[in-house]
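Just so it is clear, the model here is predicted, and its values are computed rather than measured. Order of appearance sets the numbers: ligands from 1, and atoms from 1 within every ligand.
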Amino acid sequence: MNTSTPSPRTPCIHPSILNADFANLARELSRISTADAVHVDVMDNHFVPNLTMGLPVVESLRKATDLPMDIHLMIEDPDQWAPQYAELGCESVTFHAEAAKAPVRLARELHARGTKAAMALKPATGIDQYLDMLGELDMVLLMTVEPGFGGQAFLDLVLPKIRRARRAVDDLGGEIAIQIDGGVNAETILRAAEAGADTFVAGSAVYSAEDPDAAIADLRGLLTG
Ligand SMILES: O=C(CO)[C@@H](O)[C@H](O)COP(=O)(O)O
Ligand SMILES: [Co+2]
């Protein structure tokens with residue numbers, strides 16, 4: 001166990017383009033120029049009951065922006081697909097623990113392709129069984145809604161899991177990011193931050209605003225006081 005207190009990570013805001021105008025994605029990306037990364041939700045209508053985009057669209061998005069790309073795969077068989085997203089030059093690729101057959105091997109395959117590896121847990125999936133493999137990851141994503149749709153209400157029942165993850169990450173030196181995704185807005189973000197999250201996905205809170213960059217600044221302002 002690490003006995004020194006790790007210094008807190010600078011909070012990051014990753015807007016999700018799920019609530020953006022899909023007919024104008026390049027323009028929508030230009031409206032979040034102050035984001036730390038763009039969060040891209042890939043859904044296959046099997047792991048979740050919704051369908052969004054796949055490799056060709058993500059490849060085009062990659063060329064349309066200089067923002068780092070945070071790919072959230074809500075798909076079956078990420079063991080097969082996730083490495084292909086890594087090869088597009090995405091900053092991070094997140095697979096779901098519930099879908100991965102060999103999460104440790106998959107995390108290593110993502111690293112071998114030069115991408116950060118992240119693993120997501122649905123709200124009802126416990127973290128304890130994954131603590132031993134946290135050191136294989138750059139980020140853990142704790143879903144604060146059931147994955148599949150934007151615009152849902154933040155689930156406070158995930159807060160104890162965020163606290164548990166924070167303790168485990170700090171024991172490892174604090175370098176692993178703790179991302180939350182779902183229902184993040186001006187009313188909920190501080191509860192998640194106080195529990196230990198440091199990376200915040202916000203979809204509707206950013207893209208329902210008239211000025212998405214201003215909405216990002218507002219969320220950042222709440223976190224930095
Ligand atoms: O992964 C998902 C949904 O499954 C998210 O990334 C949502 O797109 C977040 O949207 P809001 O809850 O912030 O509206
Ligand atoms: Co997401």
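Heavy atoms of Val201 approach ligand 1 to within less than 4.0 angstrom.
Nearest protein neighbour of atom 3 (C) of ligand 1, counting heavy atoms only, is Phe149 O, 3.5 Å. Residue, atom and distance of the protein heavy atom nearest to atom 14 (O) of ligand 1 are Ser204 OG, 2.5 Å. The protein heavy-atom contact nearest to atom 10 (O) of ligand 1 is Gly150 CA, 3.6 Å. Among all protein heavy atoms, the one lying closest to atom 13 (O) of ligand 1 is Gly203 N, 2.7 Å. Nearest non-hydrogen protein atom to atom 12 (O) of ligand 1 is Gly183 N, 2.8 Å. Summary of contacts: the protein heavy atom closest to atom 9 (C) of ligand 1 is Asp181 OD1, 3.4 Å. At the shortest separation from atom 4 (O) of ligand 1 among protein heavy atoms lies Gly148 N, 2.7 Å.
Leu141 CG to His14 NE2: the interatomic distance, rounded to the nearest 0.5 Å, is 11.0 Å.
Note: His96 and Phe47 have tilted aromatic rings, judged against thresholds of 30 and 60 degrees for the angle between ring planes.
None of Val140, Thr144, Asp70 except one satisfies the side-chain contact (heavy atoms from CB on, under 4.5 Å) rule with Gln179; the exception is Asp70.
Under 4.0 Å from ligand 1, the heavy atoms of Ala202 that appear belong solely to its backbone. Contacts with ligand 1 closer than 4.0 Å are made by side-chain heavy atoms of Asn19 only, the backbone lying farther away.
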